[in-house]
Amino acid sequence: MTMQRILSEVRRFDGVLELAPEAGSAFPEISWGDHFFYYAPDGRVPTNRQPYATIVTTDYPDDVQSRLGAPDRWRLNIHVGSRVAAELVGHALGGSGGAVPDFGVEDVFLPHPLYGAYGWVCIVNPGDATLDRALQALADAHAADRRRVERRTAAE
């Protein structure tokens, strides 16, 4: 139910473009069931930037630490920037010190296993402890992506 709530909320954002590859689509099979979110009011997939948030439902070859191959596991990933990421996970990201977290723990903000140093956070199976803050982080990430797009458009 939580994934549906997140999808419902994000789909209400103005100018949101959601890519949701399905079985039989032109997208790679590994991405079927995942969701990718952009600010793209023209409805076209951007070619010059990454999504601001994703939901992944399976392990990728270079990203298995969240153990998404187990039943009913999925992960929300959000680009929040380094400052907010440090607030959400409780420490600065990208440093060489500190213990490596258990990226498979559920309902906890963690640095993204691959992109944490770039201001990405993740939550495996968001729930009561993280859902409200995750929804706010998604709204903020969407607004930040919108500002970037508007700045680039104004500069053209």
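Numbers here simply count residues along the sequence, with the first being 1.
- V64 and V100 are not part of a single hydrophobic cluster, where members link through side-chain heavy atoms under 4.5 Å apart.
- Here L76 contributes atom CG and F109 contributes atom CZ; the two are 7.5 Å apart, rounded to the nearest 0.5 Å.
- Here the CD atom belonging to E106 is positioned 9.0 Å from the CZ atom belonging to R67, to the nearest 0.5 angstrom.
- Within 6.0 Å of the OH atom in Y115, the count of heavy atoms belonging to other residues, nucleotides or ligands does not exceed 12.
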Just list the side-chain donor-acceptor pairs under 3.5 Å for residues 127-139, sequence neighbours left out, or say none.
unit_1: T130; atom_1: OG1; unit_2: D107; atom_2: OD1; d: 2.5
unit_1: T130; atom_1: OG1; unit_2: G127; atom_2: N; d: 3.4
unit_1: Q136; atom_1: NE2; unit_2: D140; atom_2: OD1; d: 2.8

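- When all heavy atoms of D102 and G104 are compared, the pair lying nearest together is OD1-N, 2.9 Å.
- Across every non-hydrogen atom of G69 and D59, the tightest pair is N-OD2, 3.4 Å.
- The hydrophobic clustering, which links ILVMFWY residues whose side-chain heavy atoms are closer than 4.5 Å, places V16 and I78 together.
- The neighbour count for E150 CD, taken as heavy atoms of other residues, nucleotides or ligands under 6.0 Å away, is above 12.
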For V80 and E87: C-alpha separation, side-chain torsions, deciding distance, then whether side chain to side chain contact (heavy atoms under 4.5 Å, CB included) applies. CA-CA 10 Å; V80 296; E87 291 170 12; over 6 Å; no

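- The list of ring pair (Phe, Tyr, Trp, His ring centres under 6.0 Å) pairs with a residue in residues 28-69, not counting sequence neighbours, reads Y39-H142, Y52-H142.
- Distance check: L88 CG to R83 CZ gives 9.5 Å after rounding to the nearest 0.5 Å.
- Under the 4.5 Å side-chain heavy-atom criterion for Ile, Leu, Val, Met, Phe, Trp and Tyr, I55 and F13 are members of the same hydrophobic cluster.
- Taken to the nearest 0.5 Å, the CD atom of Q65 stands 10.5 Å off from the CG atom of L110.
- Note that OG1 of T2 is 8.0 Å distant from CG of N125, once rounded to the nearest 0.5 Å.
- Between the CZ atom of R49 and the CG atom of D145 there is a distance of 4.5 Å, given to the nearest 0.5 Å.
- Annotation for P111 and F103: closest pair O-CE2, 3.0 Å, computed over non-hydrogen atoms.
- In the displayed structure, N48 atom CG is contacted under 6.0 Å by more than 12 heavy atoms of other residues, nucleotides or ligands.
- A 6.0 Å sphere centred on CZ of R148 holds more than 12 heavy atoms belonging to other residues, nucleotides or ligands.
- For the salt bridge (Lys or Arg N to Asp or Glu O under 4.0 Å) test, no residue two or more places apart in sequence or in another chain qualifies with D62.
- When every heavy atom of R75 is checked against every heavy atom of C122, the shortest pair comes out as CD-CB, 3.6 Å.
- If you chain together hydrophobic residues whose side chains sit under 4.5 Å apart, L17 and V10 never meet in one group.
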Is there a side chain to side chain contact (heavy atoms under 4.5 Å, CB included) between V56 and D63 once you walk through the steps? CA-CA 11 Å; V56 294; D63 183 6; 5.6 Å; no

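- The minimum heavy-atom distance between S31 and P28, with the atom names listed, is OG-O, 2.7 Å.
- Both V89 and V84 are assigned to one and the same hydrophobic cluster, defined by single-linkage of ILVMFWY side chains at heavy-atom distances under 4.5 Å.
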